[in-house]
Amino acid sequence: MSMIAAFYSGKSILITGATGFMGKVLMEKLFRTSPDLKVIYILVRPKAGQTTQQRVFQILNSKLFEKVKEICPNVHEKIRAIYADLNQNDFAISKEDMQELLSCTNIVFHCAATVRFDDHLRHAVQLNVTATQQLLLMASQMPKLEAFIHISTAFSNCNLTHIDEVIYPCSVEPKKIIDSMEWLDDAIIDEITPKLIGDRPNIYTYTKALGEMVVQQESENLNIAIIRPSIVGATWQEPFPGWVDNLNGPSGLIIAAGKGFLRSIRATPMAVADLIPVDTVVNLTLAVGWYTAVHRPKSTLIYHCTSGNLNPCNWREMGFQVLATFEKVPFERAFRRPNADFTTNTITSQYWNAVSHRAPAIIYDFYLRLTGRKPRMTKVMNRLLKTVSMLEYFVNRSWEWSTYNTEMLMSELSPEDQRVFNFDVRQLNWLEYIENYVLGVKKYLLKEDMAGIPEAKQHLKRLRNIHYLFNTALLLIAWRLLIARSQMARNVWFFIVSFCYKFLSYFRASSTLKV
Ligand SMILES: CCCCCCCCCCCCCCCCCCCCCC(=O)SCCNC(=O)CCNC(=O)[C@H](O)C(C)(C)COP(=O)(O)OP(=O)(O)OC[C@H]1O[C@@H](n2cnc3c(N)ncnc32)[C@H](O)[C@@H]1OP(=O)(O)O
Ligand SMILES: NC(=O)C1=CN([C@@H]2O[C@H](COP(=O)(O)OP(=O)(O)OC[C@H]3O[C@@H](n4cnc5c(N)ncnc54)[C@H](OP(=O)(O)O)[C@@H]3O)[C@@H](O)[C@H]2O)C=CC1
């Protein structure tokens with residue numbers, strides 16, 4: 001029997017961010033491995049016209065939860081969705097709900113965050129810093145609490161190249177930042193934001209670093225651990241390979257590349273692509289929850305959940321495998337044929353942006369206009385290029401994260417736990433993983449049917465022919481213009497034509513002689 005699974009049996013668990021990518025996989029695994037857990041409280045807000053109950057219903061009815069419903073048929077009774085908005089005081093939780101949470105919770109997993117890179121500092125501080133502080137305050141009033149697990153990011157200190165399992169201080173104390181957000185107006189916040197984030201690339205990584213400082217400062221008397229995952233990708237094995245449900249990180253770029261919108265990117269081919277499957281992160285998180293509660297380490301332990309130092313894969317290999325998978329399982333109705341050029345040179349990258357991205361979008365919009373339709377491709381392309389520019393920082397650098405705590409934890413697990421809660425990324429076969437990832441993007445994000453593959457392949461063939469035709473026409477036009485303007489070009493042209501003529505005459509004469 002798995003010790004970790006047994007540990008969660010009969011427990012009341014609180015999860016924030018349960019409706020997010022990682023939160024859903026965490027809940028799924030908990031129910032699948034510990035079906036007799038007591039209850040999972042999830043803090044949910046209504047969204048996109050759906051009530052909290054409707055959102056939970058939708059999650060439970062998704063493909064991700066199919067296995068869970070077999071193993072734990074009464075799963076809906078074990079989820080307690082609590083109306084909450086982490087942007088508000090006391091999270092806008094009702095008194096009765098708060099009372100229940102405080103008196104019953106055994107374990108807290110804090111996953112909620114804003115992961116947008118360009119969020120406004122006030123909002124990002126509210127969610128990634130103030131909400132963490134409030135949750136810790138709540139945790140300190142939970143008499144039955146055994147462990148509090150905070151999900152951060154491996155990039156919270158991405159301004160460093162070697163990152164240890166410690167909390168690095170930011171220049172301004174989080175408490176001061178929280179206070180100042182209450183009285184500074186937006187214009188001043190906008191002005192000071194670049195100074196505050198310093199050499200970090202965005203507000204997200206900065207506020208996640210502040211969040212860690214808050215955890216450190218408020219951790220007195222609490223049994224806390226921090227998990228720092230790198231770039232979280234689709235599931236590797238569980239509950240099935242390739243599951244993904246949002247566009248963050250590589251998933252959006254895989255779509256953009258597969259549909260032929262994005263054909264080149266400013267990236268360092270040999271830089272480490274530190275991807276980590278979401279089920280690996282979840283397995284480590286659950287193992288950390290168990291270890292923190294049972295072994296009660298004296299200080300707050302930080303666990304890096306990264307792949308680069310144990311099983312590195314670089315962007316070139318990743319791009320290559322993504323392209324190879326597009327050959328086998330192309331996406332439907334591609335705009336252009338997929339390609340993956342990585343260039344480190346800014347000028348080359350701008351050239352390809354103009355030629356390979358903007359120009360086709362403009363031509364396509366011209367075609368839409370001609371056929372009486374509304375042009376839209378230039379707008380889509382501009383947004384995509386803005387997104388890509390925000391991700392570029394992460395594909396042009398490599399980081400080294402020390403993983404002593406993660407390795408120590410692995411050695412503490414029984415063989416059964418190492419199997420059920422596997423977070424040993426050395427066992428990951430990248431080629432297989434990336435192929436399943438691309439397939440998952442096709443199935444679960446694009447909702448494309450595998451039956452459409454022959455037609456998608458035909459479509460790519462047509463695109464290739466259009467591409468050749470277009471290039472030939474362009475070359476002929478350019479050549480014709482050149483001949484009209486330059487004596488040298490005319491001379492070269494006559495030389496080539498006469499050479500071909502002579503060659504053909506010789507060939508014809510020699511074949512006549514043989515006969
Ligand atoms: C040659 C090509 C070869 C390719 C071959 C393939 C090779 C494999 C792949 C290699 C590369 C891997 C790079 C990974 C780097 C990850 C680093 C993570 C590090 C930290 C990890 C973390 O610790 S934490 C999670 C990370 N946190 C995010 O990753 C949020 C980002 N995001 C935003 O911060 C907002 O999204 C932002 C952008 C402001 C726009 O903001 P915005 O207001 O303008 O617009 P929206 O957000 O509404 O999105 C507007 C439209 O962009 C679409 N879109 C959204 N995301 C997208 C995305 N990633 N890729 C594409 N498209 C995306 C969306 O679907 C909309 O499309 P539409 O307009 O058609 O609806
Ligand atoms: N994805 C990645 O690549 C990485 C993620 N991480 C960290 O992992 C954690 C989970 O990330 P991930 O699942 O990908 O993120 P998602 O964006 O998928 O999920 C974020 C979650 O936070 C919730 N949330 C946001 N704002 C509020 C609010 N005001 N009130 C209540 N809930 C709110 C969201 O709820 P709702 O559905 O209502 O919006 C959602 O459940 C985060 O802490 C992130 O920093 C770390 C490294 C990499």
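Whatever order the structure lists them in is the order used to number ligands and atoms, beginning at 1.
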Query - For I151, the ligand 2 atoms whose distance to one of its heavy atoms is below 4.0 Å - result: 7 (C), 8 (O), 9 (C), 43 (O)

Query raised in the report: Near S230, which atoms of ligand 2 are under 4.0 Å from a heavy atom of that residue?
Result: 47 (C), 48 (C)

Requested in this report: May I ask you to check if ligand 2 and A154 share an N or O to N or O distance below 3.5 Å?
Outcome: no

Query raised in the report: Honestly, is K69 close enough over F31, meaning NZ or CZ under 6.0 Å from the six-membered ring centre and within 45° of the axis?
Result: no

Query raised in the report: Taking the six-membered ring of F7, is NZ or CZ of K11 closer than 6.0 Å to its centre and within 45° of its axis?
Result: yes

**Report entry** Residue pair T114 / H123, side-chain donor-acceptor N/O under 3.5 Å
**Finding:** no

Query raised in the report: Does even one non-hydrogen atom of G233 get within less than 4.0 Å of ligand 2?
Result: no

**Report entry** Atom indices of ligand 2, in the order listed, that fall short of 4.0 Å to a heavy atom of F21
**Finding:** 13 (O), 14 (O), 18 (O)

**Report entry** Side chains of T325 and E435, donor plus acceptor under 3.5 Å
**Finding:** no

Query raised in the report: Does some side-chain heavy atom of W243 sit less than 4.5 Å from a side-chain heavy atom of K24?
Result: yes

Query raised in the report: Is R228 touching ligand 2 with its side chain, its backbone, both, or neither, if touching means heavy atoms under 4.0 Å apart?
Result: neither

Report summary line: Here the atoms of ligand 2 under 4.0 Å from any heavy atom belonging to A112 are 22 (O), 23 (C)

Query raised in the report: What pairs of residues pass the side chain to side chain donor-acceptor pair (under 3.5 Å) test when at least one of them lies in residues 175-189, not counting sequence neighbours?
Result: R122-D186

Query raised in the report: Is it true that D85 lies under 4.0 Å from ligand 2, counting heavy atoms only?
Result: yes

Query raised in the report: Should the proximity of T19 to ligand 2, defined as any heavy atom under 4.0 Å, be assigned to the side chain, the backbone, both, or neither?
Result: both

Query raised in the report: Does an N or O from N248, backbone or side chain, lie closer than 3.5 Å to an N or O of ligand 2?
Result: no

Query raised in the report: Going by the order shown, which atoms of ligand 2 are within less than 4.0 Å of some heavy atom of R55?
Result: 36 (P), 37 (O), 38 (O)

Report task. Decide salt bridge (charged side-chain N to carboxylate O under 4.0 Å, His left out) for K259 and E448; before the verdict, give the C-alpha distance in whole Å, the side-chain angles of both, and the deciding distance to 0.1 Å. Result -> CA-CA 12 Å; K259 292 280 184 184; E448 289 183 4; 2.9 Å; yes

Query raised in the report: Can you tell which part of N128 has a heavy atom less than 4.0 Å from ligand 2: side chain, backbone, both or neither?
Result: neither

Query - ligand 2 N/O within reach of V232 N/O, cut-off under 3.5 Å - result: yes

Query - Polar contact flag, side-chain donor to acceptor under 3.5 angstrom, Y437-S251 - result: yes

Query raised in the report: Going by the angle between their ring planes, with limits at 30° and 60°, are F109 and Y8 parallel, tilted or perpendicular?
Result: tilted

Query raised in the report: When you measure from atom 7 (C) of ligand 2 to each heavy atom in C111, A84, S152, A113, which option holds the nearest one?
Result: S152

Requested in this report: Just let me know how K47 lines up against ligand 2, side chain, backbone, both or neither, with a heavy-atom cut-off below 4.0 Å.
Outcome: side chain

Query raised in the report: Do you see a donor-acceptor pair shorter than 3.5 Å between the side chains of Q133 and Q217?
Result: no

Report task. Dump the intermediate steps for side chain to side chain contact (heavy atoms under 4.5 Å, CB included) on H110 and H150, then the final yes or no. Result -> CA-CA 5 Å; H110 179 35; H150 173 74; 3.4 Å; yes

Report task. Considering the heavy atoms of T153, write down every atom of ligand 2 situated less than 4.0 Å from one of them. Result -> 46 (C), 47 (C)

Query raised in the report: Going by the atom numbers of ligand 2, which of them fall below 4.0 Å from some non-hydrogen atom of K208?
Result: 42 (C), 43 (O), 44 (C), 45 (O)

Report summary line: With heavy atoms and a 4.0 Å threshold, my read on which part of L127 contacts ligand 2 is side chain

Query raised in the report: So which bit of Y204 gets within less than 4.0 Å of ligand 2, heavy atoms only: side chain, backbone, both or neither?
Result: side chain

Report summary line: If we number the atoms of ligand 2 from 1 as shown, the ones under 4.0 Å from a heavy atom of V115 are 15 (O), 17 (O), 44 (C), 45 (O)

Query raised in the report: Just checking, R263 and F261: is the charged tip under 6.0 Å from the six-membered ring centre and within 45° of the axis?
Result: no

Report task. Determine whether any heavy atom of L43 lies closer than 4.0 Å to an atom of ligand 2. Result -> no

Query raised in the report: With distance as the sole criterion, is a donor-acceptor pair present between the side chains of T406 and H304 under 3.5 Å?
Result: no

